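All residue numbers refer to positions in the sequence shown, counting from 1. Computed from a prediction, not measured in an experiment: that's the story for all the values here. Just follow the structure's listing: the first ligand is 1, and inside any ligand the first atom is 1.
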Amino acid sequence: MDPFRLTSKKVLTLVMVIDKEQQKILLGYKKRGFGAHLWNGFGGKVEPGETPQQGALRELEEEAGITAKPEGFQKAGLLLFLFENDPVGLETHVYKAYSYQGQIRECDEMRPQWFNFADIPYDQMWEDDRIWLPILLKEQAPFFGRMYFKRRPLEESVPDQLTNLSTSTSTTSTAATTATTTITTASATPVVVETNSSTPIASLSKTMTATSFTPGQPKSGPFTMFEYHIEQNLLAPPKEIALDGTIASFEN
Ligand SMILES: Nc1ncnc2c1[nH]c(=O)n2[C@H]1C[C@H](O)[C@@H](COP(=O)(O)OP(=O)(O)OP(=O)(O)O)O1
């Protein structure tokens, strides 16, 4: 049976606060709970009766003390996190906030800090962030991603170097004229995904398989990402993910 088969999903949000002028991003150090000890954007579970956007704005206020201004608040993409032998996927709505009001402050869950784009601590973030965050920072059109996580063995031996990494890339674009992809996973260097297309819809699909891990890899709790799929340059942000892992609908 498919260990990544979903029967339900939880809806979550993630807000990346960006200072375009200074080329900085506000991240929060998560002090407790899921993803503890990693830097991440601000977000959490969408509550009953809330839209994802309302949930995102609420979580940003709770976790960073600030209110995103509507004119600078945009949906950047949609991500599905799948975990081996767990039938519940995490449908995560990702937003960009380019302006805000209020005073940034720490809370019991998150410690906010600004980072230069060049100094983003990818090695202390969820592993998937290095796939999609560069796309978001380049202000490219909306993206969609599926990230597959396996439970990390408790007593895993950690080799000095990445020894067994295989990568395969396939371009599934219907209309892309050119597409270039660089995948760098053996160091803390962010994965760079570039699609150079003259047409509005391009979909770049990649599969990565890692069978050993380096000390430099992120400390994303007991999980490690072993495969992902990303589509970018979408015409509109995806709104909902079907249980088969595909985009069910787009925002208007
Ligand atoms: N893999 C990955 N990459 C990037 N970001 C995330 C993940 N997995 C995730 O869950 N996340 C993000 C999505 C959310 O913003 C948070 C998790 O939210 P969580 O802390 O569980 O939700 P809250 O509602 O704040 O939790 P409680 O306060 O109820 O414990 O991480």
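- Interface of Asp128 with ligand 1, defined as ligand atoms under 4.0 Å from a residue heavy atom, comprises 1 (N), 2 (C), 3 (N), 4 (C).
- Heavy-atom distances between Glu59 and ligand 1 reach below 4.0 Å in at least one pair.
- Heavy-atom contacts of Asp129 reach the following atoms of ligand 1: 3 (N), 4 (C) (cutoff under 4.0 Å).
- Counting non-hydrogen atoms of other residues, nucleotides and ligands closer than 6.0 Å to CD of Glu71 gives a total above 12.
- Atom NZ of Lys10 sits in a sparse spot, with 12 or fewer heavy atoms from other residues, nucleotides or ligands closer than 6.0 Å.
- Classified by interplanar angle (parallel below 30°, tilted 30° to 60°, perpendicular above 60°), the ring pair Phe223/Trp126 is parallel.
- Taking atom 7 (C) of ligand 1 as the reference point, the nearest protein heavy-atom neighbour is Phe81 CE1, 3.3 Å.
- Under a cut-off of 6.0 angstrom, the local environment of CG in Asp2 is crowded, with over 12 non-hydrogen atoms contributed by other residues, nucleotides or ligands.
- A parallel orientation is assigned to the rings of Trp132 and Phe143, their planes being inclined by less than 30° (bins at 30° and 60°).
- Residue contacts with ligand 1 for Glu63 involve side-chain atoms from C-beta outward but no N, CA, C or O (heavy atoms, distance under 4.0 Å).
- Residue Leu12 approaches ligand 1 through these ligand atoms, each under 4.0 Å from one of its heavy atoms: 10 (O), 13 (C), 14 (C), 17 (C), 18 (O).
- For the pair Ile247 and Leu234, the minimum side-chain heavy-atom distance is below 4.5 Å.
- Ranked by closest heavy atom to atom 21 (O) of ligand 1, the top entry among Lys45, Arg58, Met147 is Lys45.
- Counting atoms of ligand 1 from 1 in the listed order, those under 4.0 Å from a heavy atom of Thr13 are 13 (C), 14 (C), 15 (O).
- Which of Gly44, Ala56, Ala36 comes nearest to atom 18 (O) of ligand 1 through a heavy atom is settled by distance: it is Gly44.
- Atom 5 (N) of ligand 1 has as its closest protein heavy atom Asn40 ND2, 3.0 Å.
- The CD atom of Gln232 sits 5.0 Å away from the CD atom of Gln140 when rounded to the nearest 0.5 Å.
- At a heavy-atom cutoff of 4.0 Å, ligand 1 is contacted by no atom of Met125, backbone or side chain.
- Residue contact check for ligand 1: Phe223 places no non-hydrogen atom closer than 4.0 Å to it.
- Taking every non-hydrogen atom of Lys30 and a distance limit under 4.0 Å, the qualifying atoms of ligand 1 come out as 19 (P), 20 (O).
- Note: no N/O pair closer than 3.5 Å links Thr92 and ligand 1 by distance alone.
- Looking only at heavy atoms of the protein, atom 25 (O) of ligand 1 is closest to Glu109 OE2, 3.4 Å.
- Looking from atom 10 (O) of ligand 1 to the surrounding protein, the closest heavy atom is Phe34 CE2, 3.4 Å.
- If you run side chain to side chain contact (heavy atoms under 4.5 Å, CB included) between Phe149 and each of Asp128, Leu90, Thr224, Asp86, only Asp128 comes through.
- In this structure, Glu62 falls outside the shell of residues with a heavy atom less than 4.0 angstrom from ligand 1.
- Aromatic ring centroids of Phe115 and Trp39 lie under 6.0 Å apart.
- In Lys30, the NZ atom is crowded: over 12 heavy atoms of neighbouring residues, nucleotides or ligands sit closer than 6.0 Å.
- Separation of the Phe4 and Phe226 ring centroids falls under the 6.0 Å cut-off.
- Each of the following atoms of ligand 1 lies closer than 4.0 Å to a heavy atom of Phe149: 1 (N).
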